[in-house]
Amino acid sequence: EQELTGLVVWVTGASSGIGEELAYQLSKLGASLVLSARRKHELERVKRQCLENGNINEKDILILPLDLTDRSGHEAATKAVLQEFGKIDILINNGGRSHCASIVNTSMDVFKELMEINYLGTVSLTKCVLPHMIQRKQGKIVTVISLLGIISGCFSSGYCASKHALRGFVNSLDIEIGEYPDIIISNIYPGPIHSNILKNALTEEVTKTFGQDIAIHRMATSHCVQLILIAMANNLKEVWISEKVFLLLAYLWQYMPSVALSMSRVLDKLLRK
Ligand SMILES: NC(=O)c1ccc[n+]([C@@H]2O[C@H](COP(=O)([O-])OP(=O)(O)OC[C@H]3O[C@@H](n4cnc5c(N)ncnc54)[C@H](OP(=O)(O)O)[C@@H]3O)[C@@H](O)[C@H]2O)c1
Ligand SMILES: *[C@@H]1O[C@H](CO)[C@@H](O)[C@H](O)[C@H]1NC(C)=O
């Protein structure tokens, strides 16, 4: 991770969960930080914590409120980062929202909103930052996807779909950017990690969040983030971060999709009992 010291890193979704922990660990490493999310006061809380425990000063950290669904603001946000730091070494596309409801009961607005946040928002910000990286012929775009971009689960269809879309996009990007060997596209696929993702998940309607947590085994946020930073520093392209049982499922979906589907149906039946 020491390779990351002194770099300018822009983290979206920095007000909570994985993004918040990324800010803490990156500030300890002495990276310059741009913290984005919608809630400014939460970003300020994260900034204070970074300054308290980190190896950086006030001038090394920029709070930049940003809504992934408001794509008209992304160009100006990118300009603001460049004005402040003169470059963007790493963009971490981490902001996102989950889904917890059945397909039959979910309104189309929810499917649309999840594509707007997780997919189109990420595509838009990536497109704003790319010309700068192409001009410098260097940079990293790290996208926090999900194992649910590889496997599918029940009651999170809108989320699965948006993350599968993201996987398609970033891998196309990786191929297209091949003529610039120093622009690295790194994709992270975490399994269940401690965060507020379930609490903030959309349900049947866009106005209704899940609001609670359910007891499943999750990896500690700090462990996941340390692995993300190691993967980033070493230019790893495809990174699966999870406890073994979910990894096994991911391998099944990757190599034996029809077996994975049958197994998932059996698991679902058992879980419903
Ligand atoms: N936790 C897991 O188990 C897990 C597993 C695989 C992948 N992931 C992915 O990890 C990433 C981070 O999630 P998390 O687990 O840390 O969840 P989290 O604690 O709920 O954090 C989500 C972050 O995304 C931001 N966000 C949500 N909607 C946004 C919008 N419209 N515009 C801008 N920012 C927005 C939130 O900030 P504001 O509300 O302030 O905007 C928050 O900072 C997500 O992409 C998620 O899909 C998580
Ligand atoms: C859909 O919503 C109805 C009414 O709230 C509920 O009774 C039913 O169990 C839900 N269906 C599924 C598949 O979640």
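As the structure lists them, so they are numbered: ligands from 1, and atoms in each ligand from 1.
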Has [X] got any heavy atom lying under 4.0 angstrom from an atom of ligand 1?
{"X": "Thr12", "result": "no"}
{"X": "Leu147", "result": "no"}
{"X": "Ser36", "result": "no"}
{"X": "Tyr159", "result": "yes"}

Record the part of [X] in heavy-atom contact with ligand 1 below 4.0 Å; permitted values are side chain, backbone, both and neither.
{"X": "Lys163", "answer": "side chain"}
{"X": "Ile145", "answer": "backbone"}
{"X": "Thr221", "answer": "neither"}
{"X": "Ile193", "answer": "both"}

Run the numbers for me: atoms of ligand 1, each under 4.0 Å from some heavy atom of [X], listed by number.
{"X": "Leu66", "answer": "32 (N), 33 (C)"}
{"X": "Ser146", "answer": "6 (C), 7 (C)"}
{"X": "Gly17", "answer": "16 (O), 19 (O)"}

Subject >> 4.0 Å protein heavy-atom contact status of atom 14 (O) of ligand 2, strictly under >> reply: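 Given the 4.0 Å cut-off, atom 14 (O) of ligand 2 counts as touching protein heavy atoms.
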**OP:** Could you pull out, from Leu148, Ile216, Ile197, Ile188, the option with a heavy atom nearest to atom 13 (O) of ligand 1?
**Re:**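 It is Ile197 that holds the nearest heavy atom.
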Original post:
Which residues pass the side chain to side chain donor-acceptor pair (under 3.5 Å) test with Gln135, sequence neighbours left out?
Top reply: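 Side chain to side chain donor-acceptor pair (under 3.5 Å) check on Gln135 returns nothing, list empty.
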**OP:** Please check if Ile228 and Val239 belong to a single hydrophobic cluster, counting links between Ile, Leu, Val, Met, Phe, Trp and Tyr side chain heavy atoms closer than 4.5 Å.
**Re:**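 Shared cluster, yes.
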